[in-house]
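Report on one structure; see the data block that follows.
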Amino acid sequence: MKKSSVITLLTDFGLQDEYVGVMKGVILSINPRVQLVDITHNISRHDIGQAALALNASFRFFPKGSIHVVVVDPGVGGERKTVCLKQEGHVFIAPDNGVLTMVIQDKKVRKICAVTKQRYFLKPVSDTFHGRDIFAPVAAHLSKGLDMLSLGKELGLKDLATLEIPVPFVSAKHELVGAVMAIDRFGSLVTNISERTLKKFQDDEGSQRVELRLGRFKIKGVSQSYDSVKVGAPIAIIGSRNLLEIALNQGDARKYFKARIGQAVKVRFVARGK
Amino acid sequence: MKKSSVITLLTDFGLQDEYVGVMKGVILSINPRVQLVDITHNISRHDIGQAALALNASFRFFPKGSIHVVVVDPGVGGERKTVCLKQEGHVFIAPDNGVLTMVIQDKKVRKICAVTKQRYFLKPVSDTFHGRDIFAPVAAHLSKGLDMLSLGKELGLKDLATLEIPVPFVSAKHELVGAVMAIDRFGSLVTNISERTLKKFQDDEGSQRVELRLGRFKIKGVSQSYDSVKVGAPIAIIGSRNLLEIALNQGDARKYFKARIGQAVKVRFVARGK
Amino acid sequence: MKKSSVITLLTDFGLQDEYVGVMKGVILSINPRVQLVDITHNISRHDIGQAALALNASFRFFPKGSIHVVVVDPGVGGERKTVCLKQEGHVFIAPDNGVLTMVIQDKKVRKICAVTKQRYFLKPVSDTFHGRDIFAPVAAHLSKGLDMLSLGKELGLKDLATLEIPVPFVSAKHELVGAVMAIDRFGSLVTNISERTLKKFQDDEGSQRVELRLGRFKIKGVSQSYDSVKVGAPIAIIGSRNLLEIALNQGDARKYFKARIGQAVKVRFVARGK
């Protein structure tokens, strides 16, 4: 493999303990020249879906050849495989628990292998911290040019565990029904409705005028920028992940709507003149 | 511009989401060799004043030529300009919302320009995440030697938005009246009274002996170090930002005094023999 | 001293204020090429014991020659010394308040000196932020090859302050009595009972079968991996620090056991057939 200068880390370790620092120490002991970047370490404990979303929203912004290490791993020390995936010029090392679901959901040319060759691991391998003992050293060796197929046998896409990701659908009432997938630091509600899905729905219904429903609340139209509404007012907007978001201009939509992850978001057509 | 090896980031993005990591990915895609340093990402949401204070307290400790990216940006996607400032050998990229107020408050030789040239932006530019689409790539291009005047037309100091920063004053009762500007992780209360202002007040009043008032509490004198008082006792001290701070030796002044940002701090002269 | 490429930082500064960023700026102003790694900045305020544990659990995973800066420093500006320690190829700079206790507890060849030579400090040295004014610049100078004995006079091991670290013991009832030393982000309870101490106890008692007691709770046996028990069930396991941990498989032992740091953990022999 070509040498890589960037390794990213995405975990649920938090920043209270020394775990993230230890992983970086292991990597730098093998490749002192690599750039280490934290995606986030504040994934909710064991929340594979949240990690899948954050990974998919971030990896394409890194240089081709970057290595992305994902350690949200409730099954550590158990039966789950460790896998390495190469796709779109990016390399991923992760537990095979579905955390790569969103990365692999589009059809792309890719290469997958199991990570089993112990010569690239720290010894002895613990049963509780594979981030340190397997993921970190393997990433470091890859960044120095190791061929990923040296890590273990090649796998097919069907060998990978995947999560059920909720997909928006058009109901019998001609509503586009999606869901809140994530709530960010600003309290903005990120839905699973992409700009493209919304556009297609609007085209099919022959109208640009939509209304959103979240519980008993209604929001009219999809706006271009936060300041399209006054400060503190709710707004629907295509956010930075190209997903429909519900936000408050300079406010906290989570609190305002008492929203929660998984809650339904319905988009419906509004007739002209209404 | 001379090449720079350091880009600092100061935002209110928090560390829960992938936003900071994404900005770093964008920068490293353009300049893989730069050193990325977080000032803090835990500015309270949209708190421009707090960001202005943190920026001013930190930038001078970085090497000349460092590029400081500030993204506390409640007006993103709206009418506010994006600006680039060069001063004291440091470069700043920020929304024009007053976050640079404290940096520019002393008279210094400086250069300012608008950031409008789209060729240095990510495409398409979103209306919700200029940190990723404008600030990060522009900083990366500057770090590779791009002339700041390539970014847009030159501006004057009077073109910049500024915040009203409360300034301490001497009242009719011969009290120096300041305010709590920030409360740090240790619960220490940082005032807007500088060491110099305090010294001048003491000189003018012809006495070194002062007493501080915070609400109904009194603190006698300004001490040299925390251990001038016993553990748990209140103390006034010139803190690391050269500002008067009210703290507790190994305790939490915020809790002890039930203090809040904006609260008045009064310094008064104490006659000898009292 | 040989040049070093890694400086680690371990503090109780938190990530809210600009303090950590400022230390990094000072270091990069002296040595722009060094790799900066955060161990953690979320040590509880002034908790020297917690910092000692995190330092000891992490430093060996970094490359030889790394410089470890520890700033948990309730006595800043007071009488305590600043010290530099070289041991196992690693260099430590810390306040002499016991934070190095666990690093030095095994007998090793080492070198210790006081840090007093002001020419390597920032001027003027504040009485409140030695992390910025002393620790950071001294670490940066060492990373560029400065001989540690240039920092101040050589000290002996007996000159260093140490903490009382609770040590497990075997009680009259043939119980191995330890204590909860730390509680991590996952709610796992880290005890002071090492794998070796546990093994010796089991050998001495002639049995592999043990039972743990934590308050009124009992846990049978020490398991190999979290999935040895069902999800949500308690488990005793040798954790990644080679210490006995009490955890819940994918749950939070702190909440489940209402555990706290310092609480006794008792291991006792279970007769066969019982």
Side-chain angles (χ1 to χ4, degrees), chain B residues 4-6 8-10 14-15 33-44 50-51 53-66 68 90 182-188 190 195 223-229 231 235 237-243 245 247-252, chain C residues 5 7 9 11-38 40-48 71-80 95 97 122-137 140 185:
Chain B
S4 170
S5 62
V6 177
T8 79
L9 302 176
L10 173 56
L15 295 173
R33 293 179 179 284
V34 82
Q35 277 265 16
L36 294 164
V37 181
D38 303 305
I39 304 294
T40 177
H41 300 289
N42 292 320
I43 296 293
S44 302
Q50 196 185 331
L53 200 69
L55 180 65
N56 193 48
S58 57
F59 82 88
R60 287 181 192 85
F61 292 98
F62 285 85
K64 296 271 165 130
S66 294
H68 307 281
H90 292 262
I183 302 178
D184 79 2
R185 196 249 172 147
F186 296 89
S188 296
V190 183
E195 182 171 26
S223 304
Q224 282 299 315
S225 70
Y226 294 126
D227 75 345
S228 303
V229 300
V231 169
I235 184 172
I237 192 165
I238 300 298
S240 60
R241 298 177 180 93
N242 290 322
L243 295 170
E245 292 186 15
L248 246 57
N249 184 14
Q250 301 182 37
D252 187 321
Chain C
S5 61
I7 294 178
L9 303 176
T11 79
D12 62 351
F13 291 168
L15 295 173
Q16 171 199 320
D17 306 299
E18 75 281 3
Y19 303 143
V20 172
V22 164
M23 284 184 64
K24 292 179 178 175
V26 170
I27 291 171
L28 294 174
S29 296
I30 296 168
N31 184 359
R33 294 179 178 282
V34 83
Q35 278 265 15
L36 294 165
V37 181
D38 303 306
T40 178
H41 300 288
N42 292 319
I43 297 293
S44 302
R45 290 183 297 183
H46 303 146
D47 191 333
I48 298 166
V71 198
V72 179
D73 192 14
V76 62
E79 292 299 306
R80 64 111 188 97
N97 59 15
L122 240 55
K123 313 279 174 347
V125 171
S126 71
D127 283 310
T128 58
F129 194 3
H130 285 188
R132 178 190 69 190
D133 301 335
I134 298 180
F135 298 81
R185 197 248 171 149

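Lettering of chains follows the sequences in order, A, B, ..., and the numbering in each one begins at 1. Everything quoted here is computed from the prediction, not taken from an experiment. Basis for what follows: all heavy atoms, side chains included, without hydrogens, waters or symmetry-related copies.
When heavy atoms are compared at a cutoff of 4.5 Å, Ser58(B) approaches chain C by way of both its backbone and its side chain. Contact of Leu53(B) with chain C is not made at all, since no heavy-atom distance falls under 4.5 Å. With a 4.5 angstrom heavy-atom cutoff, Ile30(C) does not touch chain B via any of its atoms. With a 4.5 Å cut-off on non-hydrogen atoms, Asp38(B) touches chain C through its backbone but not through its side chain. Using a 4.5 Å cut-off between heavy atoms, Leu36(B) does not touch chain C at all. For chain B, the nearby part of Arg33(C) is the backbone; its heavy atoms alone come within less than 4.5 Å. The part of His41(C) that comes within reach of chain B is its backbone (N, CA, C, O), which places non-hydrogen atoms under 4.5 angstrom from that chain.
Between the NZ atom of Lys24(C) and the CZ atom of Phe62(B) there is a distance of 8.5 Å, given to the nearest 0.5 Å. Separation of atoms CD (Gln35(B)) and CD1 (Ile27(C)) is listed at 10.5 Å; rounding is to 0.5 Å. Summarising the geometry, atom OG belonging to Ser223(B) is positioned 10.5 Å from atom CG belonging to Asp127(C); distances are rounded to the nearest 0.5 Å. Here OG of Ser126(C) is found 8.5 Å from CG of Asn242(B). Values are rounded to the nearest 0.5 Å. Residue Arg241(B) holds its CZ atom at 9.5 Å from OG1 of Thr128(C), rounded to the nearest 0.5 Å.
Listed here is the closest heavy atom pair of Gly25(C) and Pro63(B): O-CD, 4.0 Å.
Residues of residues 12-21 of chain C placed with any heavy atom under 4.5 Å of a heavy atom in chain B are listed by number as Asp12(C), Phe13(C), Gly14(C), Leu15(C), Gln16(C), Asp17(C), Glu18(C), Tyr19(C), Gly21(C).
Asp252(B) meets the side-chain contact (heavy atoms from CB on, under 4.5 Å) test with Arg254(B), Lys255(B), Arg45(C); sequence neighbours excluded.
Ranking Ser240(B), Ser225(B), Ala54(B) against chain C, the residue ahead of the rest is Ser240(B), based on heavy-atom pairs under 4.5 Å. By number of non-hydrogen pairs under 4.5 angstrom with chain B, the leading residue of Val76(C), Val26(C), Leu28(C) is Leu28(C).
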